[in-house]
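Below: the structure, in structure tokens.
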Amino acid sequence: MMSLNSSSIYIAFKNRYVLTGLIIILIFVFMAVFADFIAPYSPVEYVGPPLQPPSREYIMGTDNLGRDIFSRIVYGSRIMLTIVAIAVAISGAVGTILGLISGYIGGILDRLLSFTMDSIYAFPSLILAISLSVALGPSPINAAIAIALVYIPTYFRMIRGQVLSIKNETYIEIARALGLPSTRIVLRHILPHVTKTLMVVFSMNSADAILTEAALSFMGLTVQPPTPDWGFDLYKGRGFVLAGMWWIMLFPGLCIILLAVGFALISEGISTLITTRKR
Amino acid sequence: MGLVKYIAVRALMIIPTVLILYTLVFVILRVLPGNPVLAALGTKNIPEEQLKALMSELGLDKPLIQQYFEYLINFTRGDMGKSMVVRGRPIASDIIDKLPATLELSIWAILFSLIIGVGLGYIGARVQNPYVKTIVRLMGSIVFVIFIPALGLSLQLVFSRYLGVLPTGGRLSVTMGFKPITGIYTLDALLQLNIQAFFDALKHLVLPAFTLGLVISGPYMRLTLNNMEEIMESKIIEAYRARGIRDSRLLRHAFRHVLVPITTYTGLQFSLLMGGAVLTETTFNWPGIGTYLVDKVMYRDYTAIQAVIIIFAIIVGLTSLIVDVLYALIDPRVRY
Amino acid sequence: MEVLIVNDLWVKYYTMSGVVEAVSGVSFRLREKEMLAIVGESGSGKSTLGFSILNMVPKPGKIVNGQILLEGTDILKLHPHEIRKIRGSKISMIFQDPFTTLDPLRKIVDQFGEFLVEHGVEKSKVNTIVREYLEAVGLPERIMYSYPHQLSGGQKQRVSIAMAIALNPRVVVADEPTTALDVVVQKQIMDLIDAIKEKYGTSIILITHDLALALERANSVMVMYGGYIMEYADKTELYDNMKHPYTKALFEALPRVMCKTLPKSLPGNPPDLRRPPPGCIFHPRCEFATEKCRIEKPRLREVSKNHLVACHYAGEIL
Ligand SMILES: Nc1ncnc2c1ncn2[C@@H]1O[C@H](COP(=O)(O)OP(=O)(O)OP(=O)(O)O)[C@@H](O)[C@H]1O
Ligand SMILES: [Mg+2]
């Protein structure tokens, strides 16, 4: 059985990509949790002269309102991580459950659901997320819901595909013939088999969700000023960037990319592990 | 030939997809609680009668079901409704105005991403150094994380502000006396043999198209690298070699095999491209559908948003159709 | 007159998990119009030997020693550019699986034509030649404009054969040319190869794991095992006086009509060529093996005229 046991977790940790990705993510999580201790200044108050380049005092410089960019970055990780965590949890749970049900039951329900999911999946997810955010009204929690809804098909399609391929294997057929209840077959015998693929999709999707959150923020669809948020800060500061104040853009931009890289590396690491071990 | 019939059937299949998205957006934008007009106006202090008049002007006082179907019927006649914010302005003309800019950006972005992605992938496949291969593979799976506004702003900073060689935004220098035909400026300039305008348009295009192209080029790197390596080791190439075909030709034949998955992927990544286009346009002030959408988002112009979604759904459907046909043309084994 | 002489050929694959000694000290001579069958189980190094003759052993393989003399010139010493010209024109190859050797993306005429042009045929003559050789292998002309997937397996193999003979090569290496085909087609293809040998005077190296096919079709037979020649003789001589236990085992494993006993299958597996056994390479599976076989490698020696055997007890036990 290829379920996720402790030894395969150990192997995953030993993978360079997975390890690097985890370290990056943990640094950001640490930053978010201990923001009060790490940030040297308040993120929303004017703590110095505006538009100062990075210096000993303000290691990432100050923005146009004289706020410390480093402190805003540190606090900004809270919004980002919260929105992404909520979004991915919702879409992962809903997508997985719908995928399991649809794939296991089949029939007309499966066909309807699949077609709907495929249509949404083929549509540009960012554009859909933007429209949803607008309809729900701009706020962090609504942004999380919008992102979650957009990514449900990603999980649905993957899980359903796996269920269909596993469903006809002998041991599942035996379990059915034995009259085991469906929920038990699904939870005990099918779900464990999809965990690895689920991990790949999950981390890849987290990277996507980070970029989507940043994009929504960049359009002013998540937080309201003066709340610190990487994407929103980038948006507010873009005018000054072209005047030569590169630090206003560089640090929030790097954080968005770095966090997304963290998740992408994990996904890459696990998927190479899966393919090389199959060989 | 069954090709015409195949295309017709595939084209018909776009309809249900578009319908599903329309329904989804309609439900989200109209059925959910909240008065769209109030949201669009951004105020609640408006006399009851005036609100009613506005609602009926926009057809929002009718039953939802009727609204749903009326909009559909009008849409097939080319009427995409009227803007809620700029009173009475037909959305269709706005979209026709903006669409060519987005198309032009997308086409050039795909071009750039093919050059970058296939180029690096090809190098990765040809170079024997395992580190180069690993780097290309890794890049292939992580370039998508580049946040478009961050890269776009950096490029603007370097090439516009510091080097001063490229413009920061727009599609054409104002000084150019140039009459577009299709709205795809580089094409129009070529049609009119206006070399100056062509290069001017290209100068405006380079940064946005490169930014967008780079971000979506990752899968091309992986596809090219993996498929090229696989094909070069295959029996087909072995047989060619046994027949004394020279190496440069072997590479060309192998590359044809790589084109098949590349074409398929081009269809799949179109939605990624469109999402990226919205961000790219905003970053570079590119006057396309993306900027239009963001603009309407700021003003909560529901009708316009709805129309843009449908247009994008149709574009996505059409591209996948085009790609399927291309695929059938490249690979003779495909039956239609 | 000998067309091809192979002298003391050694080929090794340098893999991650060790060095595979795929061909070890093989020598043979191929006369004009001769069909030499190379017989052996899977993994005995037949294909590697076949590829060596075109100097195109696949990576990570390398010819470490030996001579391959084609009409007197050692092709292993040729410049890559010169050897490329010999491939397909003086020595050509027919592969096992016609499904994977023709390019599915190109029409027959394009692949065939390109091959001819690469070897200096004038463009204007290409279509005539393609037509002529397709006809020679019994294919209708219209097949020129087909794609490989529109042809049957037998037709595809005929196309490969047509290409292999189109430039009138001295030697054709046919690596299991019929294994992927069904029985009726197998016979047709072998008949075609026979006919070509007679008509064009080509020498043929037939690689097969089927001793019966070799005895039926070839002029001489070379039995290989674990990269070594076990026995090498004219067909009739071999059939009448099998001297090597391995040949005998292969022979007894053949299914036979009119035979009451079941064919005897050879127990055990071919050796791991990364760690070949000491002494005679066949001794772990040989029912006659003695202490000597375990220690000393038998030389390939001539037991009677043109009959070579690599066994310490050749002539004594069988
Ligand atoms: N590309 C390769 N890399 C490493 N080892 C190889 C390679 N090709 C062949 N070998 C090894 O070389 C030995 C001879 O292989 P070869 O393909 O020549 O045998 P064969 O007699 O043609 O077998 P078959 O009947 O299966 O075609 C085998 O042990 C095989 O594992
Ligand atoms: Mg072989």
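The figures that follow rest on heavy atoms only: side chains count, while hydrogens, waters and symmetry mates do not. What you are looking at is a predicted structure, and each value in this text was computed from that prediction instead of being measured. Residue numbering restarts at 1 for every chain, and letters A, B, ... go by the order of the sequence lines.
Side-chain contact, Asn55(C) with Arg87(C): no donor N or O sits under 3.5 Å from an acceptor N or O. Residues Arg246(B) and His81(C) bring no donor and acceptor atom of their side chains to less than 3.5 Å of each other. Side-chain contact, Glu41(C) with His209(C): no donor N or O sits under 3.5 Å from an acceptor N or O. Side-chain atoms of Glu114(C) and His253(B) form a donor-acceptor pair, as typed in the model, at a separation below 3.5 Å.
In this structure, no portion of Ile237(B) lies under 4.5 Å from any heavy atom of chain C. Contacts between Leu167(C) and chain B at a heavy-atom distance below 4.5 Å are absent for every atom of the residue. If you measure heavy-atom distances from Phe115(C) to chain B, the contacts under 4.5 Å come from both the backbone and the side chain. If you measure heavy-atom distances from Lys107(C) to chain B, you find no contacts under 4.5 Å at all. Using a 4.5 Å cut-off between heavy atoms, Leu54(C) touches chain B through its side chain atoms alone.
Using a 4.0 Å cut-off between a side-chain N of Lys or Arg and a carboxylate O of Asp or Glu, Glu32(C) and Arg170(C) qualify as a salt bridge.
When Ser92(C), Ala164(C), Ser160(C), Pro104(C) are compared by the number of non-hydrogen pairs under 4.5 Å with chain B, Pro104(C) comes out ahead. Your options are Arg256(B), His257(B), Lys235(B), Arg243(B), and the one with the most heavy-atom pairs under 4.5 Å with chain C is Arg243(B). The choice from Leu105(C), Thr101(C), Thr100(C) that makes the most heavy-atom pairs within less than 4.5 Å of chain B is Leu105(C).
Here the side chain of Gln150(C) pairs a donor or acceptor atom with the backbone of Tyr147(C) at under 3.5 angstrom.
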